[in-house]
Protein chains: 2
Amino acid sequence: MIDRYQLRYFLAVVDAGNFSRAAAQVNVTQPTLSVGIGKLEKGLGARLFLRNSQRVQLTEAGVRLLAHARAIEREFNDLEGRVSQTRPVGTLRVGVLSTIPIRLLSGLVSSMRSGGEEAIELIEGNERDLVGRLQRRRIDVALTLVRPGESRFAVEPLFEEGYSLAAPAWHAYADAGVVAGDLLADEVMIVRRHCELLSETSRYFTERGVRPHFAFRSTNDERTVALVKAGLGVTVIPDSYAEPGLALVKLAGFNHSRRIGLLFASPELAGETGPQALQALRALASCCAERVQKSAVR
Amino acid sequence: MIDRYQLRYFLAVVDAGNFSRAAAQVNVTQPTLSVGIGKLEKGLGARLFLRNSQRVQLTEAGVRLLAHARAIEREFNDLEGRVSQTRPVGTLRVGVLSTIPIRLLSGLVSSMRSGGEEAIELIEGNERDLVGRLQRRRIDVALTLVRPGESRFAVEPLFEEGYSLAAPAWHAYADAGVVAGDLLADEVMIVRRHCELLSETSRYFTERGVRPHFAFRSTNDERTVALVKAGLGVTVIPDSYAEPGLALVKLAGFNHSRRIGLLFASPELAGETGPQALQALRALASCCAERVQKSAVR
DNA sequence: TGAAGACCATACGTTTCATCTATGATCGAT
DNA sequence: ATCGATCATAGATGAAACGTATGGTCTTCA
């Protein structure tokens, strides 16, 4: 049965003119889009594109599909816009990367609660998820990773941070500052399954001949931190998770960092316009400034 | 993101008036439909049904969704009907249960090839799949399981068959006729993963204290038969898979059978109307008659 | 009032499949 | 020839759709 995502892929190819750009447009990789179009074609029993070199061209069946596909996508978007519970005006919908500690947002939330009648709504998700929501205007702003070449959205960078090995404060390496990866062969580890650097982290250790035992795998960083403090094991985690009782130690040769910032659904929001938006931005900014300061002091 | 299947569930509930009947209508279980509706509601951020006892009632958001959902489903159906490659008129689209041996269909195909200008098109699928295609008129007739209370489609029963243990012809039990399940403790087995009786089969053996070693798991019955004949192991399979070199032995106490027949997308097809349909039916019927005969001789 | 039945929700395990990474094939251009 | 651009294919993985089992809440009826 034909599914929605296949139509989105199809429309993206029509818009973009080739598979690779289309894949970027819908935030998937090129092979993913390729098999998606393949499934659609098989499902319909008709080729949709002529894959000449240098250009894809709609077949007759493709042209026929196009009208339907556009109609369906428009209707879906309508639906998502209109059926949802009408939120109070002045509500800022903020997407939050799920690998960002909620502690960073407490300040924002409380300042909004005390600061007037504007409301705020938080939506968690991974990077792809959030970008998708931004594109479809389901959120107004996202607190997420900022990639170097970001061109789809207006950006306001907030801070950059590294990753460290997190261990309980009483751990042998707690005060070391830096530790070499290959010394960690006997450490029990905890896997943060949704970490942006999951594959890089595992490569880092395997390259150093370390095959750690994993005591826990979770997508909940707050739980992970609690278990690290309790002594179950150690983990690799962004520096902003620093908190009392948790020691953060740099891993020698693990030189990754991430840039966190705000992505805006519409460029106008990025300016100084919109009282509630402005207020929220300021709150976030000050909040992050604090954090960076703490981290430096650490 | 809202997906097509969720809208189908939603429409089914609106049509059927309660979740259980709706689930039957879209060929899923009630819990499956329940969580599907739940996802849709969470995705929209609004309740769609008031679950009063005895009746579900549309909320305001539900009413708003209804129009969009109907429009989208209509458009999807249109699309599937119109965009597909126009097949030559007179083509009979036959759905075939994937656990039915293709050998049964060879006769049909060759008789169609020699029998005039009518064409035939075969579509494989499991039971749910085929029922879905029938309902959406993507196939004209399905050669599949016939359930006792079938009321959605016109039915033409063809034959009933049991299941047997399939072993190579030189196997110790090959000429036994019947064998007790608990004697098979040391047999290597092959799992037919899409078998309708997979869970019943595994229960049959566990109840008799048999925990077989599985040498192969496949969804391809022709490969399975080939491997059984080659001596890799034994398997439980419908009797119609009988062929030279393969011994079929009844399992004592394993008294399951399946009824195979034709389900028709439209009642008119079930009659004597339609020259090419008629011809195809006769071919199938005679084909199956042959098979039953062979099986009796076995 | 208590047992039974109809109905929906939840928990948990399994399987499917959308997606990823890695790699190959094809074609133009330099 | 080689490189870069493009799409296809293969294999692995993780998310989620789905089924089975079960529990809770009504209504009905003895």
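For clarity, every value in this text was computed on a predicted model and none was experimentally measured. Just so it is clear: chains get the letters A, B, ... in the order the sequence lines come, proteins before strands, and each one is counted from 1.
Atom pair A/Asn126:CG and D/dA15:P shows a separation of 9 Å (rounding to whole Å applied). Distance B/Arg128 CZ to C/dT15 P: 14 Å, rounded to the nearest Å. Between the CD atom of A/Glu200 and the C1' atom of C/dT21 there is a distance of 12 Å, given to the nearest Å. Distance, B/Asp3 CG to C/dA18 C1': 11 Å, rounded to whole Å. Going from atom CD1 of B/Ile37 over to atom P of D/dA17 covers 13 Å, rounded to whole Å. Remark: P of C/dC20 and CG of A/Leu33 are 10 Å apart, rounded to the nearest angstrom. Rounded to whole Å, the distance from CD on B/Gln57 to C1' on D/dC26 is 17 Å. Going from atom CG of A/Leu40 over to atom P of D/dC7 covers 16 Å, rounded to whole Å.
For B/Asp15, the salt bridge (Lys or Arg N to Asp or Glu O under 4.0 Å) partners two or more places apart in sequence, or in a different chain, are B/Arg70. Taking the ring pair (Phe, Tyr, Trp, His ring centres under 6.0 Å) definition, one finds that B/Phe10 meets it with B/Phe49, sequence neighbours left out. With sequence neighbours left out, the ring pair (Phe, Tyr, Trp, His ring centres under 6.0 Å) criterion links A/Phe76 to no other residue. Qualifying salt bridge (Lys or Arg N to Asp or Glu O under 4.0 Å) partners for A/Arg4, counting only residues two or more places apart in sequence or in other chains: A/Glu73, A/Glu80. Here B/Arg258 pairs with B/Glu161, B/Glu196 under the salt bridge (Lys or Arg N to Asp or Glu O under 4.0 Å) rule; sequence neighbours left out. In this view, A/Phe254 and A/Tyr204, A/His256 satisfy the ring pair (Phe, Tyr, Trp, His ring centres under 6.0 Å) rule, not counting sequence neighbours. For A/Glu121, there are no salt bridge (Lys or Arg N to Asp or Glu O under 4.0 Å) partners two or more places apart in sequence or in a different chain.
Of the candidates A/Thr99, A/Thr201, A/Thr224, A/Asp221, A/Asp221 is the only one forming a side-chain hydrogen bond (donor to acceptor under 3.5 Å, both in side chains) with A/Arg192.
Residue contacts for A/Tyr9: at a heavy-atom cut-off of 4.0 Å it reaches the sugar-phosphate backbone alone, with no base atom in range.
When the side-chain nitrogen and oxygen atoms of A/Arg193 are compared with OP1 and OP2 of D/dT13, none of them lie within a distance under 4.0 Å. One finds a side-chain N or O of A/Thr29 lying less than 4.0 angstrom from the OP1 or OP2 phosphate oxygen of C/dC20. Within the structure, a side-chain polar atom (N or O) of B/Lys39 is placed less than 4.0 Å from OP1 or OP2 of D/dA17.
Taken residue by residue, residues 212-222 of chain B places no heavy atom nearer than 4.0 Å to DNA chain C.
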Got a list of protein N/O to nucleotides 8-10 of chain C N/O distances below 3.5 Å?
from	atom 1	to	atom 2	distance (Å)
C/dC8	OP1	B/Phe19	N	2.9
C/dC8	OP2	B/Phe19	N	3.1
C/dC8	OP2	B/Ser20	N	2.9
C/dC8	OP2	B/Ser20	OG	2.9
C/dA9	OP1	B/Arg51	NE	2.7
C/dA9	OP1	B/Arg51	NH2	3.0
C/dA9	OP2	B/Ser34	OG	2.3
C/dA9	N7	B/Gln30	NE2	3.0
C/dA9	N6	B/Gln30	OE1	3.4

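Between B/Leu198 and A/Tyr5, it is B/Leu198 whose nearest contact on DNA chain C lies nearer the 5' terminus.
For the pair B/Ile190 and B/Thr235, the tightest heavy-atom approach, listed with the atom from each and the gap, is O-OG1, 2.8 Å.
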